[in-house]
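Reminder, nothing fancy here: chain letters follow the sequence lines and each chain counts from 1. What you are looking at is a predicted structure, and each value in this text was computed from that prediction instead of being measured.
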Amino acid sequence: MVDLSANCAGIRSPNPFWLASAPPANSGAQVQRAFDHGWGGAVWKTLGTPIQNVSSRFGAVSYAGKNAIGFNNIELITDRPLEVNFKEIYDTKKKYPKHAVIVSLMVETKEEWKDIIKRSIDAGADGLELNFGCPHGMCERGMGSAVGQEPSVNERITSWAVEYSTVPVLVKLTPNVADIVPHGLAAKRGGAHGVSLINTIKSIIGVDIDRFVPNPRVGSQSTNGGYCGAAVRPIALHMTAALARTPGFGIPISGIGGVTNWRDAVEFMLLGSSSVQVCTEVMLRGYRIVEDMIEGLEDYMRTHGFQRLDDFVGKAVPGFSEWGELDLNYETIAKIDAKTCIGCQLCVVACHDGAHQCVHPPKNGTSRVPTIDESECVGCNLCQIVCPVPGCITMEAVDNGFTPATWNQHLTEGAKLRPKKGAH
Amino acid sequence: MLKKLPVARAESVFGDFKGEYTPEQALVEANRCLYCSDAPCIKACPTQIEIPEFIRKIATGNLRGSARTIFDANILGMSCARVCPVEVLCVGDCVYNHMGVPPIQIGKLQRFATDRAFERGDRFFAAGADTGKSIGLVGGGPASLAAAHELRRLGHRCTIYEKREVLGGLNTTGVAPYKMKADRSVEEVEWILAIGGIELRTGVEVGKDVTFEALEKQHDALFIGLGLGPDTSLDVPGKDLAGVYGAVDFIERFKLGQFALDGTTTALVIGGGNTAIDVVREAKGLGVPVSTMVYRGQPDKMPGYRHEWAAAKVEGATAIFQALPVAFEGNGRVERVKLVRLDETKKPLAGTEFVVEAQLVLLAIGQSKLGQLLAGLAGVTLERDRIVVDEHGFTGRKGLYAGGDCANGGKEVVNAAAEGKASARAIDRFLSGEAHG
C-alpha cells in the first residue's frame, strides 16, 4: 500500500491535493464538501478587508473545440465578513481535524497583519499563505502582486507574518516578474517556511470584436485579469523547477498552475512540489476530479515502486539544467510507422513550412505514407507533435560516433562537436 | 472447479460485431465525453456505473482506476460492456443526442477498460471479514454471481447451486456470439469467483435434487437467481418433428458445441422479440443460406430492438410480417411450414394459407417462467409464474430473496446484475438484524 500523506512546510494533509485559494474554497460548506470528495487540504479564499466584486468576472480561451483551456478572472479577495469566514474555518477544522486548512491573507499594515494572523490561528488554521500574487485590482491598492514584485517589501511583510505566526507560513509568489528566483529567495530571507506558486498571470483573455471591448466585459469596460488553467502549466512548471534547483533556496514548494489531473500533479511533484493546489479544473468540473487524482497517483507510485511522496518529489529537478549543459552530440531522427500512419501528411506540411524540409510526400503514387530524409532531419520533434496517431512517429536516438559534448565543454575544453545538420 | 468448454464450438465462426477499441480510438472517444454532472447515462444504467468518471479516467491514463469504477458498481461490467443494449440505455441517453452529435460509445469504452483489467489480471476487491453467515444461491447466472460477489465483499459465505456443469447462465449459453462467446463468459465467472469463499454445487437442480426447504435449513438466507424455463412450444400439427427447436435450446446447443446444418437451406424463426432477432441472424451466420423471421404483427410493432433488427437485416436476415404458422410438415423431419396471413388485429385471414420450405424451425415465442418451483412456499407470491419481489429482492418469505429473470420476467444481464447486488445488500441488512425478512 502506498502512502499519500503529505507534509509541505510542516503542514500535514492526508494527500498532497489542496484546493487553491479561489472560488472553490470560498466558504465552509464548499471546503467541507471538497474534503468529503477526498481533497487533502484547502487554502481558504484570501481574507482581508472584504471587498465588493464586479459583475462578469471570468473569461476563457477555447481552442479547437475545447472549452476553457485557459481561464482568467477579475474577482478579488473575499467579499464575506471576516467573522463569518473565521467561524466557518473553526467549524471546518473541528469536523476535519486531519485535513489541512491554510488561510490565505492579504492586508496592508503591520497591525492588520498581526490582527488577522492571530484570528486565523485562533480559528484553527494549520498554516498561512500570504497572497503576494494577485495581479488585478488588489495590486492597484498596493497589495497582492504589488508586494510580490518588490523583493524588499516581500521580505519585510513575510518577516512580520513569521514573527506573529505560530503555524507555518507560505508565501504565494506572482509569476508577473522577469525571474522568479529573487522573489523566492526574498520570501526565504523573510523567514517563510515555504512558497506556493504560481499565482495568476496578468492577461487580457480576449476581445469582443463586435463591441470593441476586451473580455470579461463589465458594462462598457474591461480590465486585465489573472490568467490560469491548463494553458499556464508550462510557465508554472518552469518557475517551480527554477526555485527547486536554486542552491540555497531549499524550502518546500506548493505547486500551482494548470493542474487538471493526477499526471499534471506528478509533474509538479517531480519538479519539487510537496503539495499541489488546484482551482480552475475544479471550477470547470467540480470537486469530484480528485478521485482520479488520488487513484492515478497511487497507481503511478505503485508502478514505479514509490512508497511515499518523498520517494519522488524533486526527482526530475536534476534533469533540468542550463542550455549550455545539453549534449550537442546527442542526435535523434524521426521514424514513421507505415503500419499506423493514416496519411494525413500534417507532418509533411509542418516540416516543410515550419522546420527543415526533410519530411516528404511519398513518391509512390498509391501510398500516402511520407518519407523522411534522415540526412536532413535535425530531430526537432515537430512532425511527432502534429501527428494525430499516438506512437506513429517516434524520435529515435542514433549513434553518430561522437562522444557527448556540451557547449560549455566545447568553449572551455574544446570538446569536438558533430557536424551541423540542416544548416545550409 | 468449473467444467471446461469444448474447444470446437459452432459459435467460433462468428466475428466480433462491434469490435474493440485500440488505445488511440479509446482516447479520442474518451476525450469527447463532457463529464456531465448528475449524468443521464448513469441514470439509464440499472447498475448505476459512474460512467463519466470511468471515461475521464481513460482520458487521464488511469486505466486501472477506470476499471475499478466500473466493477465497483457492476462486477459483470466486462460482459455487460459487450451485451448491454446500450443504444436504449446509457448511449441512448447521452446528452450529445440532444445536440445532434454522435453519442459517446460507452459500451466500447467500458469494454476497453474492463478488457485491459482482465489482461493485466487486476484484482480490485477482497472478501470482507468472515461473518459466519452462509447464503445459498440458486442458479449460477449473472444475478447469483453479482449477489455472491457482493455478499463476499460483505464477509458472508456463499454456495451456488447450478443444474448445469457450466456457470454464467445466459451469458454463457445464450448471448449472441457476435457479442460475446461462451469462453469469455466462463473467464468472467472465474474472475468473479477468484474473490474466494464461493462454493459451487454444479449438476444440482434445486426442487428436484434438493428442496428449497432443505436449503433454507442449511443457510442463513437464500437468493433465487434463476432464469427462465424451456422455450414455449407452438401447439400446431408437426410441432414434434425433427428440426423444430426452441430458440434458446438451439442457441445453447451451437454455443456450447457443434450443430450440424448440412442440407439446411432455409431456417424459419417464429417470433418478433430479441431472441427471434438474435437467432435469425445467428442461423444466417452459421451458414444457412436463407434465414427468415415470421412475426405476427407489422414491422414497427416488433417487440425486439430496432437497432438489432436493422443489424440483422444487414447480415442478410429476412422477414415475413403479419403471418402465423399453422402447421409444420414433413416426413419425420420438418420440410416446410404452412402459414396464414393475419390482419392488423393479428386475426387469420381466411384463404390466405401459403407454404414456405424450411429444414430448420426455431421457436422464439417466449420461455416458461420458473416461479412454480416456489409454489407452496408460504409468503411467496407468484404473478403469472414470476416471483414477486420488492425493490430489494425480498419475496415476503423470511430470508428468501430473488432477482434476475425469474423475478423480472426476462430482462438484460445488467438488470440481473443490479438485482443480485441489491439483494445481497438487503440480505446483509437482514442478517445484521437491520431490516425485514
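- To the nearest 0.5 angstrom, B/Lys57 atom NZ is 12.5 Å from A/Ile289 atom CD1.
- Counting only heavy atoms from C-beta outward, the side chains of B/Ser37 and A/Arg288 approach each other to under 4.5 Å.
- By a heavy-atom distance cut of under 4.5 Å, A/Glu281 are the residues of residues 275-284 of chain A near chain B, going up by number.
- For A/Arg285, the parts sitting under 4.5 Å from any heavy atom of chain B are the backbone and the side chain alike.
- Put simply, the side chain of A/Tyr300 does not reach to within 4.5 Å of the side chain of B/Asn62, judged on heavy atoms.
- Per-residue heavy-atom pair counts under 4.5 Å with chain A were compared for B/Ser66, B/Gly65, B/Pro52, and the maximum is reached by B/Gly65.
- Within the structure, salt bridge (Lys or Arg N to Asp or Glu O under 4.0 Å) pairs that include any residue of residues 72-81 of chain B comprise B/Asp72-B/Arg153 (at least two apart or interchain).
- Taking the side chain as every heavy atom from C-beta outward, A/Thr340 and B/Glu24 never approach each other to under 4.5 Å.
- B/Arg68 has a carboxylate O that lies under 4.0 Å from a charged side-chain N of A/Glu295, or vice versa, which qualifies the two as a salt bridge.
- Distance CZ/B/Arg56 to OG1/A/Thr260: 6.0 Å, rounded to 0.5 Å.
- Using a 4.5 Å cut-off between heavy atoms, A/Asp299 touches chain B through its side chain atoms alone.
- At least one side-chain heavy atom of A/Glu291 sits under 4.5 Å from a side-chain heavy atom of B/Thr69.
- In this structure, the side chains of A/Asp292 and B/Glu53 come closer than 4.5 Å at one or more pairs of heavy atoms.
- In this structure, B/Lys18 places its NZ atom where more than 12 heavy-atom neighbours from other residues, nucleotides or ligands lie under 6.0 Å away.
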